[in-house]
Asks: 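One structure is given below, represented as structure tokens, and several questions about it will come after.
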Amino acid sequence: MPEGHTLHRLAAQINTVFAGHPWRVSSPQGRFIAGAQRLDGQVPQHAEAWGKHLFVHLGPEVWQVHLGLYGAFSFRGDADFAAEATVGAPRAAVGTLEPRYAEDGWLIPEPPKGAVRARVSARHGWADLRGPTTCAVLDLTEYQAVVDRLGPDPLRQGISQDARADAQLRELFLHNLSRRRISIAAALMDQAVIAGVGNIYRAESLFLEGLDPYTPSNQLDPERAAPLWDRLTEQLRDGVAEGRIRTVRTGGSRRHWVYKHQGTACPRCGTVIKAAELQGRRLYWCPGCQRD
DNA sequence: CATCGATGTTTAA
DNA sequence: TAAACCTCGATGC
């Protein structure tokens, strides 16, 4: 699930469902006990995503979550909660249940299943967090330090309603590329170059832009790099809207152009799609279409 | 029931 | 470059 689109979606969902009211926080699994105690009973004011990080602000404290490779939130609640929590596409799955309420009017949650690192509860429902790489309570200095290490996030365009600020993000991306000698494929996975891109968006954006993944980042013509930023922006926004990554948008059942399609013919030029290991991750590309 | 792999990152060597 | 970490579903025997 988790490239940048997942986290931005999650931030929106948490804002809708939890922001502005005191919540209850626990760690059924037991590995976030101290943090949960600090967050419990506080009012989550605002959730935001920055690349693949989720931050929930509660006054001077910030809850930081990074889902890593397979971390996930699951939401469950009564009909009110489901109606509220269904942000955007219907598949923002909110499980519903036969509701039972405590004397204080709060929904009685189901017992946690499996390893639930953190459970956050509102009156009408709750969210369970499993398998995150990071689940921590930060102060504002620590929060700033995390954010400072991240490159521009295409999904943070449009936040300030300032077209010049958005243009600066793209310029920063071009600047970051110009200063790396690694391949463009490696650069896209470096969260200091651009934040929020993962293995699927890397493969799919380079394919659609016809870029050879092994081109050195600092040799990529800005005339080619700027459309790459725009392509990633479009793809990430589609992912937020739809709740899943689907870069092939021509109706059929195929979801990706090259990701996990190694050994089959490229739908565009017929060349056999390749896969190779690059810095511990699998890289997928079409040697026929991606030549510059 | 055991093993493997996954849309990720950090640390050690 | 490799291993470690975190969890769960798919696959294989």
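All chains are named by letter (A, B, ...) in the order of the sequence lines, taking the proteins before the strands, and each is independently numbered beginning at 1. Because the structure is predicted, anything quoted here is derived from the model rather than measured. The figures that follow rest on heavy atoms only: side chains count, while hydrogens, waters and symmetry mates do not.
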Asks: Measuring only the P atom in each nucleotide, how far is C:dA3 from B:dG5? A whole number of Å is fine.
Replies: 14 Å
Asks: C:dC5 C1' sits how many Å from A:His66 NE2, rounded?
Replies: 13 Å
Asks: Would one find a side-chain N or O of A:Lys52 under 4.0 angstrom from OP1 or OP2 of B:dT7?
Replies: no
Asks: Rounding to an integer number of Å, can you tell me how far A:Leu54 CG sits from B:dT7 C1'?
Replies: 17 Å
Asks: Could you tell me whether A:Gln191 contacts a base, only the sugar-phosphate backbone, or nothing, with contacts defined as non-hydrogen atoms closer than 4.0 Å?
Replies: sugar-phosphate
Asks: Could you work out the separation of B:dT9 and C:dG9 based on their P atoms and round it to a whole Å?
Replies: 23 Å
Asks: Quantified in whole Å, what is the P atom distance between nucleotide C:dA4 and nucleotide B:dC4?
Replies: 15 Å
Asks: Is it true that A:Asp190 and A:Arg149 have a side-chain N and a carboxylate O under 4.0 angstrom from each other?
Replies: no
Asks: Is the shortest side-chain N to carboxylate O distance from A:Arg231 to A:Glu204 below 4.0 Å?
Replies: no
Asks: In whole angstrom, give me the gap between the P atoms of B:dT7 and C:dT11.
Replies: 16 Å
Asks: Which base, if any, makes a Watson-Crick or G-U wobble pair with B:dT7, both distances under 3.5 Å?
Replies: none
Asks: Rounded to the Å, how far apart are A:Gln279 CD and B:dT7 P?
Replies: 15 Å
Asks: Could you check whether A:Tyr201 gets within reach of a base, just the sugar-phosphate, or nothing at all, counting any heavy atom under 4.0 Å?
Replies: nothing
Asks: Rounded to whole angstroms, how far apart are CG on A:Leu67 and P on C:dC5?
Replies: 20 Å
Asks: What I want to find out is whether A:Arg246 reaches A:Glu242 closely enough, with some N-O distance under 4.0 Å, to be called a salt bridge.
Replies: yes
Asks: In a check of side-chain hydrogen bond (donor to acceptor under 3.5 Å, both in side chains) between A:Asp153 and each of A:His8, A:Gln191, A:Lys52, which one passes?
Replies: A:His8
Asks: How long is the line joining NZ of A:Lys260 and C1' of B:dC4, in whole Å?
Replies: 12 Å
Asks: Grab the CG-P distance between A:Leu69 and C:dA4 for me, whole Å please.
Replies: 16 Å
Asks: May I have the distance from A:Glu277 (atom CD) to C:dT1 (atom P), rounded to whole angstrom?
Replies: 10 Å
Asks: Identify whether any heavy atom of A:Arg281 sits under 4.0 Å from a base atom; if not, whether one sits that close to sugar-phosphate; answer base, sugar-phosphate or nothing.
Replies: base
Asks: Please confirm whether the backbone N or O of A:Ala19 pairs with a side-chain atom of A:Gln45, one donor and one acceptor, at under 3.5 Å?
Replies: no
Asks: Rounding to a whole Å, what distance do you find between A:Leu278:CG and B:dT9:P?
Replies: 15 Å
